[in-house]
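When a residue number appears, it is its place in the shown sequence, counting from 1.
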Amino acid sequence: MTELPPDATEPARLAETFEEVEDALLSRWPETRLEPSLDRIEAFTELLGEPQRSFRSVHLTGTNGKTSTSRMIETLLRALDLRTGRFTSPHLEKMSERISIDGEPLDDEAFVRAFNDVAPYTHLVDAEQAHPLSFFETIVGMAYAAFADAPVDVAVVEVGMGGSWDATNVIDADVAVVMPIAVDHAKYLGEDPATIAVEKAGIIKPGSFAVLAEQTPEVAAVLLAHAAEVGATVAREGVEFGVVSRTPAVGGQVVSLKGLRAQYDDLFLPLYGAHQAQNAAVALAAVEAFGSGELDDELVRAAFAEVTSPGRLEIIRRSPTIVLDAAHNPHGAEAVAAALEDSFAFSPLVGVMGVMEDKDHEGVLAAFEPHLAHLVCTQNSTPRSMSAAALGRAAVEVFGEDRVTVVPDLAEAIDRAATLAEVGEAIDVSIGAGAVLVTGSVVTVGEARAMLKGRR
């Protein structure tokens, strides 16, 4: 039996400030430490009165695209005059971003209130279970209780990792969305996409509607077999719905989407890349599946026009242009690289990369190498970050010594990259439309975003 925290058998102390909540949550098991089981979250939500049973839900899993698609689904649902809750992870800058109601993250006061509503029950679960509640399980409980309290009509919920045993999976969602599955978190989920798909298929519940993004044949076979087993209705990208056409445009792209009930033409989507057009098609199908049919064309047009996705090919500064993207695995990096080629004409494009120790950094480096004139290797402030020096050594193997600079301090790394982008220094490129791409991790991008917003 795992040793319990010293205060596990004492009544939880209520928090007075956001910082106290953050400290209390971070003192629990981190998101990276897992014990695959729903025992603790089931015990927790039972003590809370099963708040997740009080609203309908759309549940999303997959390797990449979950947060952007969640935001699109939520925007469409709000356009239908439904009150929404949205749970996404990880956060970019502030922990409270994970829990949104009506499209807005909880403010500090509401976040403290959400914690205090569940805090009296956390120690009861800690005392009764073989392992204490984790950070992630606790914040899932907070989200579900806050959604019930609001109350929301529908929650859009992104899994933390996997599917079957992810803490979010105590909901029985009306619509299960499976984004493209590739390899990530291999230590916990499996070494190949088909194995990972078995775990992720667990969010597809009996009688639900499964909306499947485009998958490799072996992954599709796993998902379809599970859907058939539980009697779920299935809609597949490229068959029942999908992207009809897309054209890059100033500030994003213009897309035509085939939904489950109708085709929606010439929609402006203020996000870049083919992957975001595909995310939009999935979001549209999910909302059609959730409702009862065709959506009003003008409603869809207005909703997509206001979609945002911070830290996803987000232009945060001009002169030189600085773009943020939280790509942290090869599949995500390839999508971002394709979008950069598709939508921008940056020359030179200088990368700033900080990655987590447990990620496939070689795959990410290889995906970006053809698109970056130079790479500045750095690190973020968390203990899980790979050191800039170690990333630099790996980068030299891919980019060559003359295209790699190592700058451990993130702010300094961004400044160095901006200088290279502006003057083409150390790069045999004429002065032109240079830009900087900050990438490699959600944490790196979140820290860069906080810095750069402060400078604007």
Side-chain angles (χ1 to χ4, degrees), residues 1-35 37-55 57 83-152 155 157-158 160 166-171 381-383 446 450:
M1 180 160 161
T2 301
E3 193 175 326
L4 294 172
D7 61 348
T9 54
E10 299 168 14
R13 184 172 61 84
L14 297 185
E16 292 183 11
T17 66
F18 179 88
E19 289 70 27
E20 286 179 12
V21 175
E22 197 170 40
D23 185 59
L25 290 170
L26 291 175
S27 69
R28 291 188 164 274
W29 270 21
E31 285 175 285
T32 49
R33 186 175 175 187
L34 300 172
E35 193 279 315
S37 157
L38 293 179
D39 293 348
R40 291 171 303 284
I41 189 68
E42 285 174 344
F44 191 27
T45 51
E46 189 176 339
L47 287 169
L48 295 175
E50 304 284 2
Q52 75 278 16
R53 306 272 174 236
S54 69
F55 46 80
S57 54
R83 190 165 202 210
T84 58
R86 173 168 48 84
F87 179 78
T88 53
S89 61
H91 56 277
L92 265 180
E93 295 175 57
K94 194 169 181 178
M95 198 181 280
S96 48
E97 292 168 23
R98 293 170 182 245
I99 306 173
S100 292
I101 292 175
D102 283 336
E104 292 296 326
L106 296 188
D107 61 24
D108 288 4
E109 194 180 307
F111 196 69
V112 170
R113 196 162 56 244
F115 174 78
N116 287 340
D117 283 349
V118 306
Y121 305 97
T122 55
H123 71 291
L124 298 175
V125 181
D126 292 342
E128 289 173 7
Q129 296 291 323
H131 301 282
L133 277 169
S134 69
F135 162 84
F136 189 72
E137 288 162 340
T138 309
I139 205 164
V140 167
M142 283 171 62
Y144 288 170
F147 295 161
D149 191 50
V152 303
V157 178
E158 175 187 330
D166 186 77
T168 60
N169 203 32
V170 289
I171 53 173
S381 66
T382 65

Whether the side chain of D102 engages the backbone of R83 through a donor-acceptor N/O pair (distance < 3.5 Å, no angle test) should be reported. no
To the nearest 0.5 Å, atom CG of L14 lies from atom CZ of R113 at 13.5 Å
Within a strict 4.5 Å, meaning less than it, do heavy atoms of the F136 and T168 side chains meet? yes
Give the ring-plane orientation class for W29 versus H131, where under 30° counts as parallel, over 60° as perpendicular and anything between as tilted. tilted
Flag the pair E20 / N116 as yes when at least one side-chain heavy-atom distance between them is below 4.5 Å, and no otherwise. no
Is the closest side-chain heavy-atom distance between K94 and F111 below 4.5 Å? no
Kindly compute the distance separating CG (L48) from CD1 (I41), expressed to the nearest 0.5 Å. 8.0 Å
Distance check, rounded to the nearest 0.5 Å: F147 atom CZ versus I99 atom CD1? 6.5 Å
Are side-chain heavy atoms of V157 and Q52 found at a separation under 4.5 Å? no
Quick one, M142 and L106 - any side-chain contact, counting heavy atoms below 4.5 Å? no
Check: M95 and V21 side chains under 4.5 Å, non-hydrogen atoms: no
Backbone of V125 reached by a side-chain donor or acceptor of R40 within 3.5 Å: no
Just so I know, are the side chains of F44 and V170 near enough to count as touching, which here means a heavy-atom distance under 4.5 Å? no
Take E46 and E42, measure what side chain to side chain contact (heavy atoms under 4.5 Å, CB included) needs, and give me the verdict at the end. CA-CA 6 Å; E46 189 176 339; E42 285 174 344; 6.0 Å; no
In this structure, CZ of R28 is separated from CG of D23 (nearest 0.5 Å) by 12.0 Å
Between E158 and F87, is any pair of side-chain heavy atoms under 4.5 Å apart? no
Could you pull out the closest heavy-atom pair between V152 and F55, with the gap in Å? O-CB, 3.6 Å
Which heavy atom in E97 sits nearest to a heavy atom in P105, and how many Å separate them? CA-CB, 3.9 Å
I'd like to know whether CD of E50 has more than 12 heavy-atom contacts from other residues, nucleotides or ligands below 6.0 angstrom. yes
Do E137 side-chain atoms and L133 backbone N/O form a donor-acceptor pair below 3.5 Å? no
